[in-house]
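Because only heavy atoms are used, hydrogens play no part in the values below, and waters and symmetry mates are left out as well, while side chains stay in.
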Amino acid sequence: MSARPMHLLTFAFVLGLVGAAPAGAADAPTPIEAQSRALQRASASVVGLRAMAVEDARSAATLGRARQGSGVVIGNGDLVLTIGYLILEAEQVQLVTDDEREVPARLVGYDVATGFGLVQPLAPLRIEPAPFGSTSALQRGEALMIVSGGEDGAISAAQLLSRRNFSGYWEYHVDGALFTAPARPDHSGAGLFNSRGELVGIGSLLVKDAAGPDGPPQNGNMFVPIDLLSPILPELRSRGSSQLSRRAWMGVNCVEAEGTVRVVRVNSDSPAEVAGLEPGDRIVRIDGIEVKALEVLWKTLWAGGAAEREVTLDIVRGGTAQTLKLQSVDRMKTLKSAQGI
């Protein structure tokens with residue numbers, strides 16, 4: 001028995017496809033019936049996901065070792081797409097289906113550049129994969145459907161409030177992120193579907209500015225657009241990450257406010273800590289490039305050359321200007337993995 005309420009005929013009306021079968025086609029499904037079936041298939045493609053990180057995982061300090069969320073069956077039914085932080089440094093992954101089966105899975109890939117995670121079930125799921133949609137045609141205000149999996153999985157209608165670039169405080173950036181409301185607390189790895197039951201995004205974050213910087217404050221969710229997956233999927237399957245994930249990492253968390261970027265956290269045993277960067281420091285320039293936004297900071301860091309190199313940071317600390325030299329590292333080399341992975 002599924003834990004998710006299956007009011008999908010209602011969703012078909014909410015998402016805007018109503019109509020009747022043509023005259024003389026009594027046996028043919030009406031548009032609303034076809035819509036309901038597509039949404040049912042979309043809902044059924046979402047599974048629960050539980051992961052346990054290795055004991056000495058760096059990410060355990062912020063994410064904990066035990067993680068829980070969702071994933072979406074894709075490909076030929078032999079892969080599950082999720083948000084990467086759920087399986088970051090994982091040694092165990094379990095998938096939970098609607099019929100309450102628990103299926104072990106192995107880690108296939110984690111892509112730093114997009115945030116996607118990919119696992120492979122070690123037993124047949126017997127679940128039809130979700131078809132991919134495109135975000136290029138999505139309009140502001142469009143009705144969408146969010147589906148989470150597992151024991152507490154649920155379905156809800158959502159509205160697309162904005163689509164814009166997103167820069168995270170943890171050295172992360174994604175172009176064309178999707179922002180929806182109302183907010184879902186069980187967003188991690190949840191599937192975002194359009195009115196045709198096509199997958200258009202994977203749930204990543206709870207945010208307070210879903211309407212955008214020029215809109216009113218509104219709680220919502222950020223989804224990573226599915227369009228970013230297709231170009232890297234073969235590489236993700238074969239190598240475990242895309243080439244874009246092999247990039248410089250400092251080990252610092254920063255926030256942007258009123259045209260300034262400040263350090264709020266320095267990871268222990270990171271290049272930033274070794275270089276002497278401290279919370280409260282304002283980053284003025286990186287490698288000579290003026291920094292007024294997180295996007296500029298991260299993109300300049302990644303575009304500056306090899307992943308492992310010297311990075312020059314001009315900062316202001318307590319009103320005094322300083323210059324620090326930092327030896328960046330390849331982010332992928334800092335991640336722990338279970339033996340055999």
Would you kindly confirm whether [X] and [Y] end up in one hydrophobic cluster when ILVMFWY residues are joined by side chain heavy atoms under 4.5 Å apart?
X: Ile146; Y: Leu161; answer: no
X: Leu335; Y: Leu236; answer: yes
X: Leu63; Y: Leu86; answer: yes
X: Trp249; Y: Leu88; answer: no
X: Leu79; Y: Ile202; answer: yes

Grab the two heavy atoms, one from [X] and one from [Y], that are nearest each other, plus how far apart they are.
X: Glu310; Y: Asp287; value: O-OD1, 4.3 Å
X: Ala248; Y: Glu171; value: O-OE1, 4.2 Å
X: Val207; Y: Met222; value: CG1-CB, 4.2 Å
X: Ser188; Y: Ile83; value: C-CG2, 4.1 Å
X: Asp111; Y: Ser242; value: OD1-OG, 2.6 Å
X: Val103; Y: Pro121; value: CG1-CB, 4.0 Å

| query | Could you go step by step and tell me if Ser134 and Asp227 meet the side chain to side chain contact (heavy atoms under 4.5 Å, CB included) rule? | reply | CA-CA 6 Å; Ser134 172; Asp227 310 64; 3.3 Å; yes
Distance-only, no hydrogens or angles: does the [X] side chain make a donor-acceptor pair with backbone N or O of [Y] under 3.5 Å?
X: Ser36; Y: Glu33; answer: no
X: Asp209; Y: Pro217; answer: no
X: Gln120; Y: Val80; answer: no
X: Thr334; Y: Arg331; answer: yes
X: Ser43; Y: Gln40; answer: no
X: Ser45; Y: Val73; answer: no
X: Asn221; Y: Leu205; answer: yes
X: Arg262; Y: Gly280; answer: yes
X: Asn194; Y: Glu198; answer: yes
X: Ser148; Y: Asp186; answer: no

With heavy-atom distances below 4.5 Å as the criterion, would you say the side chains of [X] and [Y] are in contact?
X: Gln322; Y: Asp314; result: no
X: Leu229; Y: Phe132; result: yes
X: Val291; Y: Val284; result: no
X: Leu294; Y: Cys254; result: yes
X: Ile283; Y: Leu297; result: yes
X: Tyr110; Y: Ser241; result: no
X: Leu192; Y: Arg184; result: no
X: Arg247; Y: Val112; result: yes

Classify the side-chain pair [X]/[Y] by whether it contains a donor and acceptor separated by less than 3.5 Å.
X: Thr312; Y: Lys325; answer: yes
X: Ser245; Y: Arg239; answer: no
X: Glu89; Y: Ser59; answer: yes

| field | Partners meeting ring-ring contact (aromatic ring centres under 6.0 Å, His included) with Tyr85 (sequence neighbours left out) | value | none
I'd like to know whether [atom1] of [X] has more than 12 heavy-atom contacts from other residues, nucleotides or ligands below 6.0 angstrom.
X: Tyr172; atom1: OH; value: yes
X: Glu102; atom1: CD; value: yes
X: Arg237; atom1: CZ; value: no
X: Arg140; atom1: CZ; value: no
X: Asn76; atom1: CG; value: no

Inter-residue atom distance [X].[atom1] - [Y].[atom2], 0.5 Å rounding:
X: Gln68; Y: Asp152; atom1: CD; atom2: CG; answer: 7.0 Å
X: Glu142; Y: Thr180; atom1: CD; atom2: OG1; answer: 12.5 Å
X: Lys336; Y: Glu91; atom1: NZ; atom2: CD; answer: 13.0 Å
X: Leu244; Y: Arg246; atom1: CG; atom2: CZ; answer: 11.5 Å
X: Arg37; Y: Leu39; atom1: CZ; atom2: CG; answer: 12.5 Å
X: His173; Y: Leu301; atom1: NE2; atom2: CG; answer: 13.5 Å

| Looking at Phe179, does the NZ or CZ of Arg163 lie under 6.0 angstrom from its six-membered ring centre and within 45 degrees of the ring axis? | no
State plainly whether the residues [X] and [Y] are in salt-bridge range, i.e. N to O under 4.0 Å.
X: Glu128; Y: Arg41; result: yes
X: Asp175; Y: Lys299; result: yes
X: Arg50; Y: Glu151; result: yes
X: Arg164; Y: Asp214; result: no

| field | Criterion side-chain contact (heavy atoms from CB on, under 4.5 Å) against Leu118, the qualifying member of Leu107, Leu233, Thr82 | value | Leu233
| request: Return the orientation label for the Trp298 and Trp302 ring planes: parallel under 30°, perpendicular over 60°, tilted otherwise. | output: parallel
| query | Given Val263 and Ile315, is the side chain to side chain contact (heavy atoms under 4.5 Å, CB included) satisfied, shown in steps? | reply | CA-CA 10 Å; Val263 177; Ile315 67 168; over 6 Å; no
| query | When you look at Ser156 and Met145, which way does the side chain to side chain contact (heavy atoms under 4.5 Å, CB included) test go after all the steps? | reply | CA-CA 6 Å; Ser156 68; Met145 182 176 76; over 6 Å; no
| message | Assess the residue pair Thr320 and Arg317 against the criterion (side chain to side chain contact (heavy atoms under 4.5 Å, CB included)); give the C-alpha distance rounded to whole Å, side-chain angles, the decisive distance to 0.1 Å, and a yes or no. | response | CA-CA 5 Å; Thr320 302; Arg317 178 183 297 166; 5.7 Å; no
